[in-house]
Amino acid sequence: MQLRQSLKIALRALRANKMRAFLTMLGIIIGIAAVIAMVAVGSGASKKISDQIASMGSNLLIVLPGSTTSGGLRAGPGSAATLTYDDARAVSSECPSVNAVAPEVRGTAQVVYGNLNWSTVVNGVTPEMLTVRDWPVASGRNLSQADVDGATKNCLIGRTVAENLFGGEDPVGKIVRIKKIPFTVVGLLDAKGQSTMGQDQDDQILVPLRTAQRKLFGSQFPNTIGVMLIQAKGGEALNKAEEEVTALLNQRHRVGPAREADFTVRNLSEIMAVSQQSSKVMSLLLGAVASISLVVGGIGIMNIMLVSVTERTREIGIRMAIGARERDILFQFLAEAVLLTTCGGIIGMALGAAGAVVVAKLVGWPVLVSAQAIIVAFAFSAGVGIFFGFYPARRAAALNPIEALRHE
Amino acid sequence: MKPVISLTNITKAYTIGEQRVEALKGVTFNVRRGEFVAIMGASGSGKSTCMNIIGCLDTPTSGSYLLEEVEVSGPDRDRDYLAAIRNARLGFVFQGFNLLARTTAGENVELPLLYAGVPAGERRKRAVAALEQVGLGERVDHYPNQLSGGQQQRVAIARALVNEPTIILADEPTGNLDTRTTDEVMGIFQRLNREGITIVMVTHEPEVAAFAGRQIVFRDGVIIDDKTILPQRHRDTEEHH
């Protein structure tokens, strides 16, 4: 007997008991919807995280100064000013795997325009900063090397700063005062959004490095920089760049057995990998919880199929008497179970995808209902039907025709 | 002429709990092609067990059953083999009609063809032809609950006929019918029999058995009487087409 016939008979049997079929399906619908929604939300979350990390810039190394030991007291990275602009230039010129180096001196300052003022982060940078951070200028121009070398009083401002000081006005060409020193705004930065840590990256002003070092945040070591962002030449070169930078700085800082390193090199892709890993584990856990509901749904299917076989014992007897073989009966009931679960699967997929879209809208994550998840869910629902439908179908097929015919 | 059915020394024993029940204690008889045989006896006489064996729904404990000279009772005959025999050579008519509910008369009649693997178009054609043979050609798309008892039994007869079986086996075919429809159904059997179909019918009612041409009487698992009779003529036989 052909598959089409089995399906037709199964469909008729299900239609005869619509309410029961629907309730039985409900277990599978909920299970599949949960799996689809959970996987979509999980991968949306991990996409969001990797987007945030990527907004830092791609293929990045961060060199932090510090880990100093003074009189037995050890402090963490960033606690001492040991990196210099010369270090940055050396890395830039001597490490072949490095694409660009962006040193940075960071401070907070009150910025005034007209009668408005705003407290913000002021970063002393070189032109490479925008390359490394993958951060375009929305209007105006980038700072130039001449700005850095000449310690000019030009600056770039972020969106948030522009909104708070200028409102709707075009800030380019205007004069702002940073720590009472007048600076000309030469460019407006593109919106960057929040960082991984939730900081508003648009709430900052970029000034030439030398200007920051000499005029804004002068210290006892005028050439020092805060951190150094290094962009490698592509993802494959990242580890090589890390080695090169470490070797060069070790040499320049005379790090050896007798002297502990006074800087730390961090690889951003490692941070990314860790956060990706954790969101993957999260998705897996959610998926596992959802699968449990699928198994519960499958048991419901098995239960109802057993009831159905008992109810239709006489029908089975008739079919056997007029020549149905064991496998005809087996297929008939299997088809019924699989039809139940795949219908439930399809409805569940639609519900799950809709649920994922709603959740994504609510929390602002990208929606990621992958074709792969849908295929897997569909195969899984059919599998549940075969697995949990087999025992009842087997039982139907093994009935004794005489007893089945006598069954009331 | 070789017999269609040849039973030799058939026994059938069941074990119910600790007790061994012998339903058949050595039954031997032949049925020739074109015969209309009524198997009679009280309940528990073994007639139903014998019918199940003839119908390949059950296998004997010992003895030989040749259906068209082929041994079908051997130990190597598995369930699918018997199912194939039932499908191709036997047509069943039951007491309770045993039509599938929510399935039209036409689809009920098509069922044996479905399991025989006949393509859909031909199934339909043959089903309609079989229904016409029992005078229900215009009821193809009716559901069993829209048909009277007599009509339902005629659908069941059409279903038994549709595979052009060697034998029709009828188990108390009129048990659920009133006198008038009993006559009607027996009339159809007699007509089919005249057209050359072998019929074996189990009944405990002498009036129904009177329509057959031979009566075999069972008691306590053995045959106590086997006689050829002049069959009672069905009143409407001549008017039936």
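Since we're looking at a predicted model, the values are computed, not measured. Letters A, B, ... mirror the listed sequences (proteins, then strands); counts begin at 1.
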| remark: The reported gap from OG1 in B:T49 to CD1 in A:I402 (rounded to nearest 0.5 angstrom) is 8.0 Å
| Region of B:T103 that comes under 4.5 Å of a non-hydrogen atom in chain A | both
| request: Check whether A:A404 gets within reach of chain B through its side chain, its backbone, both or neither, counting any heavy atom under 4.5 Å. | output: neither
| remark: Shortest non-hydrogen pair, B:L57 vs A:P401, comes out as CD2-CB, 3.8 Å
| field | More than 12 heavy atoms of other groups within 6.0 Å of A:F380 CZ | value | no
| message | For the CD atom of A:Q5 and the CZ atom of B:R123, what is their distance to the nearest 0.5 Å? | response | 4.5 Å
| said: Can you confirm whether more than 12 heavy atoms, excluding those of B:R79, are under 6.0 Å from its CZ atom? | reply: yes
| message | Given heavy-atom pairs under 4.5 angstrom as the criterion, report whether the side chain, backbone, both or neither of B:D58 touches chain A. | response | both
| note | Closest heavy-atom pair, A:R325 versus B:A83, reported as atoms and distance to 0.1 Å, is CG-CB, 4.0 Å
| Nearest-0.5 Å distance, CG of residue B:L100 to CD1 of residue A:I322 | 7.0 Å
| Taking all atoms of both residues into account, what is the closest heavy-atom pair of A:A321 and B:F92, and its distance? | O-CE1, 3.2 Å
| If you draw a 6.0 Å radius around CZ in A:F22, do more than 12 non-hydrogen atoms from other residues or ligands fall strictly inside? | no
| note | Max heavy-atom pairs within cutoff under 4.5 Å with chain A, candidates B:N98, B:L111, B:N163, B:L82, goes to B:N98
| In terms of heavy-atom pairs under 4.5 Å, which option from A:E315, A:M320, A:E326 contacts chain B the most? | A:E326
| Closest approach of B:Y115 to A:R319 (non-hydrogen atoms, all atoms of both residues) | OH-NH1, 2.8 Å
| request: Over all heavy atoms of both residues, which pair between B:R102 and A:R12 is shortest? Give the atoms and the distance, please. | output: O-NH1, 3.1 Å
